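Predicted, not measured: the structure shown is a model, and the values here were computed from it. By convention in this document, chain letters (A, B, ...) are assigned in the order of the sequence lines, proteins followed by strands, and residues within each chain are numbered from 1.
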Amino acid sequence: MNSTISKPTIPSPSPSHSSHPSSLFPLISSCKTIRDLTQVHAQFIKTSKVHDPLAAAEILRFCANHRDLEYARQVFDQMRKPNCFSWNTIIRAFADCSADEEAKEAALLFRQMVFAGFVEPNQFTFPSVLKACARTGDFEMGKQIHGLVIKYGLDNDVFVLSNLVRMYVMCGAMVDANYLFQKSLIDFGNVSKVGRDKRRQEGNVVLWNVMVDGYVRIGDFRAARELFDEMPHKSVVSWNGLISGYAQNGLFKEAIELFREMQLGDVSPNYVTLVSVLPAISRLGALELGKWVHLYAEKNKIEINDVLGSALVDMYSKCGSIEKALQVFEKLPKENAITWNAIIGGLAMHGRAKDALYFFSRMQKAGVMPTDVTYIGLLNACSHGGLVEEGRSFFNHMVSVVGLEPRIEHYGCMVDLLGRAGQLEEAEEFILNMPIQKDDVIWKALLGACKMHKNIEIGKRVAEILMDIAPRDSGSYVALSNLYASSGNWEAVSEVRLMMKDMDIRKDPGCSWIELDGVIQEFLVEDDSHHRAKEIHSMLNEISNQLRLVGYSPKTEQVLLNMDEEEKQMNLQHHSEKIAIAFGLISTGPKTPLRIVKNLRICEDCHASIKLISKIYKRKIIVRDRKRFHHFEHGTCSCMDYW
DNA sequence: GCTAAGGCGG
């Protein structure tokens, strides 16, 4: 199956960006920090200006914008008769906060406002309080507020309505949301009637967006897409919402496909579009498209700030271009840990352990506090570089110096680190002693290490645990089977195979892809569905002859099945990464580097043969497997055969 | 004065 990626034609820039409302109080607008504000506030108290509701509200707003809710609350509590404006500001301040506690406070404030009865909530109050209900998922309160909306006759306000729909969506009440959505469409009449009213149409788009988002949230992508396609008018947010929805739910191809489709229409991608689509590009390793996005940002004067920049760094790393990632990184503002995490993780993935450690020291010098994700990158770097002692000390550093609670991921990294280095007993010990709930992933890390070091004793033990806690997962069966196969215990192999058959558990099919001229070409294991299958097949034969000529003998230990030697060799020859490479060789000019992405880990035979292929055909071959990169050149691999 | 979309991870 192929999916097409757009050709790099860069459209013209889109006008954007909002303007800041000017303040009635120049003293307040000249404030930069809360400290500045306290001085102005003091002066306002002295001059009694603080009793001007507008002035007080602006102070309130400033605190809210600077996330100093405590101060905002004080200012609010000192108001003798807060008007509707002030209530709205304080409620909004709490509702905007991402924490549940604050959202609850917003709802509480709203109750007080209604019960006090001095001022009535208006169309500006409801969006905020509904947002708070949405955040806490307070369906009961949400319904009550819906009642109040009707009581105050605000159920035809697009802002209020879209927040009501959103509240239902976030409370998981899609039926209610949809009912309200349909009803409002009817109430508004069709689009041609409201088309003249720009504001209303915009509100209408939000309503649609919120509904599409709702279906995305409940994972109903078919309904989301249907609604999206039916939209009478799409804004850039409509596109961004679905693109990011796809990308965040593992539907990378769909995300990219939609991004491509967007370019055919009249809505131009903006900053958020790029940030949303980049993770999908990264995951698929679609370097050409990634470069296009980078160029688009530059041509359209979209600021490459830390957020977009980190996404680009990650994209270049995951698409095999660590040098380009480093280039982008150096131009970024570096006060944010995520930016550092992206480059450290990237270096780790490319096996450049020492560089990753060096960047960490730079990060510390820059005074940026590492986060738990930083340590995942560092531990990965140590793991791929065989730096066991360094890894241990990073783990300790994280806990005792930085005071971060290690999460299951960090334990996973440690097990991987110890396991890869052959310290299997210690790795097992480490798991047994960890203070938090063990999951399947952590045992799988150990099982992988057992397979790597052919330790059947521990391997069996781990596999049994795994089959108990994740009985439907093919990974543990395959790993166990490989473990037995590597020691030639074919009887045990077929036992595992039988078990899998009985339980109808299938091995995840190996799959590799290569991007050529903007098209992602995907190959499954033993794939002969490609329109150039014949040429690919003869190239595969040629490769295997060439390999034999230089004295290569296939490493058949990892083949799952008990087949005769010839069959096994044929089986290996048809691994998806080899097919992708054969296709790459016949489809590109001499010396063009080949970039392959594989969904699983690369097998030993493929690794050894690709080293030789890079020498025989004088090609740089960059393979990204499930865990990391392998740069093959002149017969060697950047992983130094340690992966 | 109010609504919709966002980067790093075993």
How long is the line joining [atom1] of [X] and [atom2] of [N], in whole Å?
X	N	atom1	atom2	value
A:Ile91	B:dG1	CD1	P	17 Å
A:Leu161	B:dC2	CG	C1'	13 Å
A:Glu303	B:dG7	CD	C1'	14 Å
A:Leu308	B:dC8	CG	C1'	14 Å
A:Leu312	B:dG6	CG	C1'	13 Å
A:Arg135	B:dA4	CZ	C1'	13 Å
A:Leu227	B:dA4	CG	P	18 Å
A:Met231	B:dA5	CE	P	13 Å

Looking at DNA chain B, which of residues 341-348 of chain A put a heavy atom within less than 4.0 Å of it?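 Within residues 341-348 of chain A, the residues near DNA chain B are A:Asn341.
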
Which is true for [X] with a 4.0 Å heavy-atom rule: it touches a base, it touches only sugar-phosphate, or it touches nothing?
X	result
A:Ser128	nothing
A:Asn305	nothing
A:Lys318	sugar-phosphate
A:Ile408	base
A:Asp314	sugar-phosphate
A:Val275	sugar-phosphate

With sequence neighbours excluded, what pairs up with A:His350 under the ring-ring contact (aromatic ring centres under 6.0 Å, His included) test?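 A:His350 satisfies ring-ring contact (aromatic ring centres under 6.0 Å, His included) with A:Phe629, A:His631 only.
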
Of the options [options], whose atoms approach the side-chain atoms of [X] most closely?
X	options	value
A:Asn163	B:dA5, B:dC8, B:dT3	B:dT3
A:Ile338	B:dA5, B:dG7, B:dT3	B:dG7
A:Asp439	B:dG10, B:dG1, B:dA4	B:dG10
A:Asn209	B:dA4, B:dC2, B:dG7	B:dA4
A:Ile442	B:dG7, B:dA4, B:dG10	B:dG10
A:Ser310	B:dC8, B:dG7, B:dT3	B:dG7
A:Val272	B:dG6, B:dC8, B:dG10	B:dG6
A:Val237	B:dG10, B:dG7, B:dA5	B:dA5
A:Asn122	B:dG7, B:dC8, B:dG1	B:dG1
A:Glu409	B:dG10, B:dA5, B:dG7	B:dG10

N/O (side chain, [X]) to phosphate O (OP1/OP2, [N]) under 4.0 Å:
X	N	value
A:Arg283	B:dG7	no
A:Arg628	B:dG10	no
A:Ser244	B:dG6	yes
A:Gln248	B:dA5	no
A:Asn380	B:dG10	yes

Within the 3.5 Å criterion, strictly below it, is a donor on A:Ser86 or A:Asn83 matched to an acceptor on the partner's side chain?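 Checked: A:Ser86/A:Asn83 side chains pair up, N/O donor to acceptor below 3.5 Å.
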
Do the two ring centres, one from A:Phe94 and one from A:Phe76, sit under 6.0 Å apart?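 Ring centres of A:Phe76 and A:Phe94 not closer than 6.0 Å.
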
For A:Asp213, side chain to side chain donor-acceptor pair (under 3.5 Å) partners two or more places apart: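 Applying side chain to side chain donor-acceptor pair (under 3.5 Å) to A:Asp213 gives A:Arg217.
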
Once hydrogens and angles are ignored, does a donor-acceptor distance under 3.5 Å link the base of B:dG6 to the side chain of A:Tyr271?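 Under the 3.5 Å cut-off, the side chain and the base do form a donor-acceptor pair.
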
Looking at A:Lys334, is its backbone amide N or carbonyl O close enough to the side chain of A:Trp340 to form a donor-acceptor pair, meaning the two atoms are under 3.5 Å apart?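 Side chain of A:Trp340 to backbone of A:Lys334: a pair is present.
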
Non-neighbouring partners of A:Asp138 that pass salt bridge (Lys or Arg N to Asp or Glu O under 4.0 Å), sequence neighbours left out: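 Salt bridge (Lys or Arg N to Asp or Glu O under 4.0 Å) list for A:Asp138, sorted by chain: empty.
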
Pick from A:Val165, A:Asn204, A:Val237: which one makes a side chain to side chain contact (heavy atoms under 4.5 Å, CB included) with A:Asn209?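 When A:Val165, A:Asn204, A:Val237 are each tested with A:Asn209, the side chain to side chain contact (heavy atoms under 4.5 Å, CB included) holds only for A:Val237.
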
Summary of salt bridge (charged side-chain N to carboxylate O under 4.0 Å, His left out) pairs that have at least one residue in residues 227-241 of chain A, sequence neighbours excluded: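 Applying salt bridge (charged side-chain N to carboxylate O under 4.0 Å, His left out) to every pair that reaches into residues 227-241 of chain A, excluding sequence neighbours, yields A:Arg225-A:Asp229.
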
Show every donor-acceptor pair shorter than 3.5 Å between a side-chain atom in residues 240-247 of chain A and any protein atom, with sequence neighbours excluded, or say none if there are none.
residue, atom, partner, partner atom, Å
A:Asn240, OD1, A:Thr273, OG1, 2.7
A:Asn240, ND2, A:Val236, O, 3.4
A:Asn240, ND2, A:Asn270, OD1, 3.1
A:Ser244, OG, A:Asn240, O, 3.2
A:Ser244, OG, A:Gly241, O, 3.2

